[in-house]
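Structure first, then comments.
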Number of protein chains: 2
Amino acid sequence: MRLGIPESDSPDVRRLDLFSGMDDAHFSALMRGAYVQNFPPQIELITEGEPSDFLHVILSGSVDLFSVWNGRETSMATARPVSTFILAASIKSAPYLMSARTLEKSRIALIPSQDVRNIFDVDNFFARAIVAELAQCYRSVVKTKKELKLRTSQERLANYLLRLQARVGAGSQFDLEFEKRRLASYLGMTPENLSRAFRGLQAYGVTVQGNRVNISDQQDLERFAKPNPLIDDPDS
Amino acid sequence: MRLGIPESDSPDVRRLDLFSGMDDAHFSALMRGAYVQNFPPQIELITEGEPSDFLHVILSGSVDLFSVWNGRETSMATARPVSTFILAASIKSAPYLMSARTLEKSRIALIPSQDVRNIFDVDNFFARAIVAELAQCYRSVVKTKKELKLRTSQERLANYLLRLQARVGAGSQFDLEFEKRRLASYLGMTPENLSRAFRGLQAYGVTVQGNRVNISDQQDLERFAKPNPLIDDPDS
DNA sequence: AACTCCTCTTGACATTTATCAACTGATATA
DNA sequence: TATATCAGTTGATAAATGTCAAGAGGAGTT
């Protein structure tokens, strides 16, 4: 761990929507108080309920945001480069609502929440960017909550596959982005049920071998999945 | 409908966290472009997917925020006085993700989204308040999503009752705030299942007659419900 | 009182989802 | 080569939840 973000990482952070419009001096001030650290896989970065002292920026690797209650655990979201997470908790100085653990070797910048709040007060571009980011996060959770309440597990899987396909810009073949047990948890079902959901989607031309997904009849799958921009579009 | 918010309503709006800290001139500017309107019950104020031209402030009555997909409908949240709704869509100029309908006779202020964005740029207090409000909304959805994924329907009902009891500051007896069919939808279950969940909670000292709820053994219910601040506390 | 409308409840049943245990297949390792 | 490990799958079964149809109980109306 070292104080101040090294030259090599700074441009990656700067490029984020959250930081791209702000004043140079303000950005430098933010970076001066920040750390960058490399973490091995499966490290718990954040535990829900703890005070939120840092805004996290993931530079490489990936991070699972998950929650626990009464001995049960569920995956809430995945953070990937280059983006921030737990912005809301940082801004409010409120305890984290979700825990975070690295899924793979990851490089992460930690910016003191107090610095974020200070710069927020003096930089209108930054303030606007924070608002945009928060609004984006909010709408993203609303969409996943809608999906949970309105779709069966098989429908969630079908639409997830279509979203993944669109995101990686793939044709009929692409790879799952992480292990199936986590995908199951993310989609709100058990691993056993995910297997059965995949098998059920064979009727609509979906096959899986290991991590490889093949969609043989796009139209047919879409007819079943009924994707909707107000749930499935990442923006909008 | 009339242009400009009347004297009688203005203080109610001003009192909101979102507006309480801002400059007088800026507040007046916001109010000048705003409407106030009275709506009868069961009026659809907003339809999801439409462009978000106004920030809504509910002055009296109550509003149901709900969503639809593939012929299914679910209640996502209830807006009550005095608070705003669909702030995120207004800020982003993005389409509404949820529809809104009045549950009862309601008085609602409509502030043009463009005005909100303009004042945001020149009033730092207002900007900070918007960020705080958005962060609050975000955390609120995260909590309800956690509850959906981690709790069974009976557990959700038990914890909902405890939250309602705390909110209305009641002892062992209090009234449900709206009809059971909507409560069921809000909690993510069918009306039939809500009935059975209530019956199941009799084992923990909960009885219902009409809208009247009686909790005869607080400890026992809490032992079953296992409320958790990171899901059930409205603030934090 | 009789009727209507409505929400809520109940019972029977179907579907969905979870649980548990066993098994498969791939990978790594000794 | 044998073995251990682990994610994933499968089957049997259980539990949770949804669906459908019928009935109970209120509130208002005629």
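In what follows, chains carry the letters A, B, and so on, assigned in the order in which the sequence lines appear, proteins first and then strands, with residues in each chain numbered from 1.
- Annotation: ring-ring contact (aromatic ring centres under 6.0 Å, His included) contacts of F54(B) (sequence neighbours excluded): Y35(B).
- Neither side chain, T190(B) nor R181(B), offers a donor N or O lying under 3.5 Å from an acceptor on the other.
- For Y96(A), there are no ring-ring contact (aromatic ring centres under 6.0 Å, His included) partners two or more places apart in sequence or in a different chain.
- Of all the residues in residues 144-162 of chain A, not one reaches under 4.0 Å from DNA chain D with any non-hydrogen atom.
- Residues satisfying the ring-ring contact (aromatic ring centres under 6.0 Å, His included) criterion with Y138(A), sequence neighbours excluded, are absent altogether.
- Under the rule for a ring-ring contact (aromatic ring centres under 6.0 Å, His included), the partners of Y204(A) that lie at least two apart in sequence or sit in another chain are F224(A).
- Every pair tested for ring pair (Phe, Tyr, Trp, His ring centres under 6.0 Å) that includes a residue from residues 139-190 of chain B fails, sequence neighbours excluded, so the list is empty.
- Ion pairing between a basic and an acidic side chain is recognised when a charged N comes within 4.0 Å of a carboxylate O; D232(B) and R151(B) show such pairing.
- DNA chain D lies under 4.0 Å from at least one heavy atom of each of the following residues of residues 194-216 of chain B: R196(B).
- Here E73(A) does not pair with K149(B) in a salt bridge; the nearest charged N to carboxylate O distance is not below 4.0 Å.
- A nucleotide of DNA chain D counts as in contact with chain B when one of its atoms lies under 4.0 Å from a heavy atom; the first and last such, 5' to 3', are dT17(D) to dC20(D).
- Between M189(B) atom CE and dT17(C) atom P there is a gap of 16 Å when expressed in whole angstrom units.
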Shorter than 3.5 Å, N or O on both sides, protein versus nucleotides 4-7 of chain C: list them out with atom names.
{"from": "dT7(C)", "atom 1": "OP2", "to": "R181(B)", "atom 2": "NH2", "distance (Å)": "3.4"}

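- Between the side chains of N193(A) and S153(A), no donor-acceptor pair is found at a separation under 3.5 Å.
- Using a cut-off of 4.0 Å between Lys/Arg side-chain N and Asp/Glu carboxylate O, E155(B) and K226(B) are scored as not salt-bridged.
- A side-chain donor-acceptor contact under 3.5 Å links Q165(B) and Q218(B).
- Between R182(B) and E179(B), no side-chain nitrogen of the basic residue sits less than 4.0 Å from a carboxylate oxygen of the acidic one, so the salt-bridge criterion is not met.
- By the side chain to side chain donor-acceptor pair (under 3.5 Å) test, K180(A) is found to be paired with no residue, residues two or more places apart in sequence or in another chain being considered.
- One interatomic measurement links the two molecules: CZ of F178(B) to C1' of dC8(C), which rounds to 16 Å at whole-angstrom precision.
- Here E133(A) does not pair with K92(B) in a salt bridge; the nearest charged N to carboxylate O distance is not below 4.0 Å.
- Screening residues 67-86 of chain B for ring pair (Phe, Tyr, Trp, His ring centres under 6.0 Å), with sequence neighbours left out, gives H56(B)-F85(B).
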Practice item. Let me have a per-nucleotide readout for nucleotides 21-29 of chain C, 5' to 3', with B, S or -, counting only protein heavy atoms under 4.0 Å. Key: ---------
